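Heads up, the thing below is written out as structure tokens.
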Protein chains: 2
Amino acid sequence: MATIKDIAKAAGVSLATVSRVINDGPKVGDKTRARIKTIMKEMGYRPNANARALVNQKSASLGVVIAELADPFFATLAHGIETIARKKNVQVLLSTGSIEAKTELKAIETLLEHRCEAMVVHSKALKDSVLIELAKQIPGFILINRYIEEIKHQCVWLDNIAGGQLMANHMLKLGHKKFAVVSSKYQIDDPYQRLDGIRQALIKAGVELNEENIEYSSPDQEGGEIAMQNLLTRGADFTAVLGYNDAMAAGAMTTLLDQGYHVPDDISVIGYDDVLLSRYCRPKLTTLKYPIEMMASQAAELALSFASQPNLRESNKDKTYKYTPTIIKRESVLKTR
Amino acid sequence: MATIKDIAKAAGVSLATVSRVINDGPKVGDKTRARIKTIMKEMGYRPNANARALVNQKSASLGVVIAELADPFFATLAHGIETIARKKNVQVLLSTGSIEAKTELKAIETLLEHRCEAMVVHSKALKDSVLIELAKQIPGFILINRYIEEIKHQCVWLDNIAGGQLMANHMLKLGHKKFAVVSSKYQIDDPYQRLDGIRQALIKAGVELNEENIEYSSPDQEGGEIAMQNLLTRGADFTAVLGYNDAMAAGAMTTLLDQGYHVPDDISVIGYDDVLLSRYCRPKLTTLKYPIEMMASQAAELALSFASQPNLRESNKDKTYKYTPTIIKRESVLKTR
DNA sequence: TTGTATGCGTTATCAG
DNA sequence: CTGATAACGCATACAA
């Protein structure tokens with residue numbers, strides 16, 4: 001592959017001159033510039049990003065760490081980031097962490113080896129202390145979907161407690177008094193916080209939430225189905241089902257439907273996230289909108305600008321980037337009769 | 001960030017020695033090796049991937065070009081690639097092409113600037129000639145979901161004609177004689193080929209497919225809804241609906257249900273792809289399995305091995321990597337009464 | 001306006 | 001077993 005040197009030789013000029021026209025530097029004669037440009041075209045010259053990164057000490061790239069590309073939620077997240085990256089002309093380096101401390105760390109380290117100084121990472125398994133350390137070292141480090149007080153100015157996150165309250169209150173407002181929760185079995189913050197929010201709202205309303213009416217399972221459709229089967233088998237009594245996410249809610253709904261219940265007439269079901277599936281399933285799922293794409297885009301922009309202007313980050317030390325979910329009313333929730 | 005030089009200084013040895021322990025090179029004393037290793041740990045040394053790529057003339061990365069991360073189909077594709085990349089310890093560089101010639105080319109060129117010699121690209125908009133040129137230049141260039149005779153040994157693709165035949169034949173076997181097709185309006189090969197397969201099967205069975213019963217729309221749920229609305233408005237007569245993909249089929253189904261038709265009792269609907277949604281929607285969609293994740297994984301492996309052993313590619317010049325879809329029977333298709 | 005020289009972090013080829 | 005040293009492709013301070 002042609003290098004800057006080859007171009008220089010072909011054009012009968014020095015490396016420096018070629019480098020200048022590549023970078024649109026000043027101080028180059030118009031004729032020389034034009035001539036060199038055509039030669040570059042002819043020879044199919046492509047700047048070597050690695051060499052550039054090496055000499056510039058920065059990489060024009062944006063790292064992304066997410067759990068799993070196959071999960072629609074993360075795909076949307078990645079998409080939000082990718083959109084910004086393309087606009088800013090930076091390459092995205094993608095790594096997956098699969099919600100395991102070891103893998104998440106490895107993913108970040110790989111990114112670090114590529115010297116990408118801007119990255120948005122979704123980490124659930126890594127400890128606060130590790131993340132704080134990383135965040136301090138890496139100028140454009142942005143944590144998405146997690147809040148850590150010490151580095152809150154590098155966190156773009158959703159208020160899950162508010163979310164839990166919101167979904168419970170929505171049901172309460174419609175007259176529901178008997179609740180079941182289909183939660184995630186993973187020991188990470190999100191399910192705790194959402195459950196917390198739910199509990200707070202119910203307590204405030206004076207409604208009891210029997211621990212037996214909370215089922216923990218894998219946060220996917222199958223997990224939702226199983227959880228609902230368990231609830232039903234146990235003879236749990238409820239008219240409102242709160243799902244940890246849309247997949248679980250949809251799964252729970254499937255089981256209910258299969259068992260002859262009517263949704264929403266007999267039982268109302270609400271999801272969380274508002275991924276595509278909530279619009280596809282029948283009845284269409286009432287859910288909470290998790291503005292993940294918007295959040296991801298903001299995270300990407302923050303990462304990029306903090307990386308290029310570290311002082312900008314310091315001057316915003318007391319800021320944080322909090323989002324709140326909103327209710328999307330569709331067909332799976334109804335007033336109690 | 002600490003460099004190899006810093007380590008050398010701290011350890012009181014030369015660069016060469018440090019480099020050797022980093023690469024597990026031979027000829028280093030055990031004590032020296034151990035000492036250097038601890039020093040590297042202490043100083044938090046991380047090899048600079050850019051410098052490495054520069055001197056090695058290769059990049060330990062895998063480029064991916066797809067249309068849109070937000071599309072579940074592409075997310076699954078990307079996931080298949082990512083799985084292999086992680087196993088082989090290479091970084092994935094992701095770029096999107098959004099089915100536009102210009103953008104697709106730009107995406108590939110960016111990858112090229114990063115000197116990644118292995119890449120799997122999904123291109124629909126670029127011309128054969130351009131792709132052929134690229135494929136010849138780049139050792140590990142693999143084209144996914146597209147077949148080009150001249151570079152067939154670098155193509156991993158699905159037989160869409162066979163797919164079209166398959167879906168039509170499935171309906172025929174169940175007694176259907178009145179067909180409607182909900183196709184994509186994009187001027188790319190896939191819809192043509194699928195339609196071709198459908199036509200071939202119907203002709204062979206002596207069943208007529210009225211051109212008025214083919215509707216072209218955007219290949220998503222909304223497009224499916226609109227297409228079906230048009231069909232219905234026009235008073236088209238059919239008992240079997242063949243969708244371009246699952247999203248369109250689901251959309252068509254939604255409209256049918258909304259209009260009071262029963263699926264599959266009145267009308268049968270079949271999709272294509274077997275993405276998540278086909279299992280979530282109600283009734284569950286009968287569809288064709290597009291083994292995209294498997295294909296993507298194979299593509300990634302091919303790309304990586306061709307990149308590291310170019311001769312291997314040459315010795316397989318007459319091979320190609322063709323896949324055939326299979327029917328996944330679920331709930332949206334029934335025998336005609 | 002153009003050219004020369006140096007260094008970015010690493011690997012590899014030599015000597016020692 | 002270990003150490004100099006020359007690349008790799010590029011940008012830039014400094015000369016001319």
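This is a predicted model, so every value here is computed, not measured. First the proteins, then the strands, lettered A, B, ... as listed; each starts at 1.
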Check your understanding: When the aromatic ring centroids of Tyr290(B) and Tyr323(B) are compared, is their separation below 6.0 Å?
Key ->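 Centroid separation for Tyr290(B) and Tyr323(B): 6.0 Å or greater.
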For atom [atom1] of [X] and atom [atom2] of [N], their distance in whole Å:
{"X": "Asn50(B)", "N": "dT11(C)", "atom1": "CG", "atom2": "C1'", "value": "15 Å"}
{"X": "Lys58(A)", "N": "dG9(C)", "atom1": "NZ", "atom2": "C1'", "value": "18 Å"}
{"X": "Asp30(B)", "N": "dC1(D)", "atom1": "CG", "atom2": "C1'", "value": "11 Å"}
{"X": "His114(B)", "N": "dC8(D)", "atom1": "NE2", "atom2": "P", "value": "21 Å"}

Check your understanding: Would one find more than 12 heavy atoms of other residues, nucleotides or ligands at under 6.0 Å from atom CG of Asn311(B)?
Key -> yes
Practice item. Take atom CE of Met1(A) as the centre, draw a 6.0 Å sphere, and report whether it contains more than 12 heavy atoms from other residues, nucleotides or ligands. Key: yes
Practice item. Show your working on ring pair (Phe, Tyr, Trp, His ring centres under 6.0 Å) between Phe141(A) and Phe306(A) and close with a plain yes or no. Key: CA-CA 8 Å; Phe141(A) 185 98; Phe306(A) 284 177; over 10 Å; no
For nucleotides 9-12 of chain D, give me every protein contact, N/O to N/O, under 3.5 Å, one pair per line with atom names.
{"unit_1": "dG9(D)", "atom_1": "OP1", "unit_2": "Gln57(B)", "atom_2": "NE2", "d": "3.4"}
{"unit_1": "dC10(D)", "atom_1": "OP1", "unit_2": "Tyr45(A)", "atom_2": "OH", "d": "2.4"}
{"unit_1": "dC10(D)", "atom_1": "OP1", "unit_2": "Asn48(A)", "atom_2": "N", "d": "3.1"}
{"unit_1": "dC10(D)", "atom_1": "OP2", "unit_2": "Ile4(A)", "atom_2": "N", "d": "2.5"}
{"unit_1": "dA11(D)", "atom_1": "OP1", "unit_2": "Asn23(A)", "atom_2": "OD1", "d": "3.2"}
{"unit_1": "dA11(D)", "atom_1": "OP1", "unit_2": "Asn23(A)", "atom_2": "ND2", "d": "3.4"}
{"unit_1": "dA11(D)", "atom_1": "OP1", "unit_2": "Arg52(A)", "atom_2": "NE", "d": "2.7"}
{"unit_1": "dA11(D)", "atom_1": "OP1", "unit_2": "Arg52(A)", "atom_2": "NH2", "d": "3.4"}
{"unit_1": "dA11(D)", "atom_1": "OP2", "unit_2": "Ser19(A)", "atom_2": "OG", "d": "3.1"}
{"unit_1": "dA11(D)", "atom_1": "OP2", "unit_2": "Asn23(A)", "atom_2": "ND2", "d": "3.3"}

Review point. OP1 or OP2 of dT2(D) sitting under 4.0 Å from any side-chain N/O of Thr32(B)?
Key: yes
Review point. Quick one: salt bridge (Lys or Arg N to Asp or Glu O under 4.0 Å) partners of Arg313(B), sequence neighbours excluded?
Key: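 Here no residue qualifies.
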Exercise for review: Tell me, with the steps shown, if Thr96(B) and Ser98(B) meet side chain to side chain donor-acceptor pair (under 3.5 Å).
Suggested key: CA-CA 6 Å; Thr96(B) 58; Ser98(B) 39; 5.4 Å; no
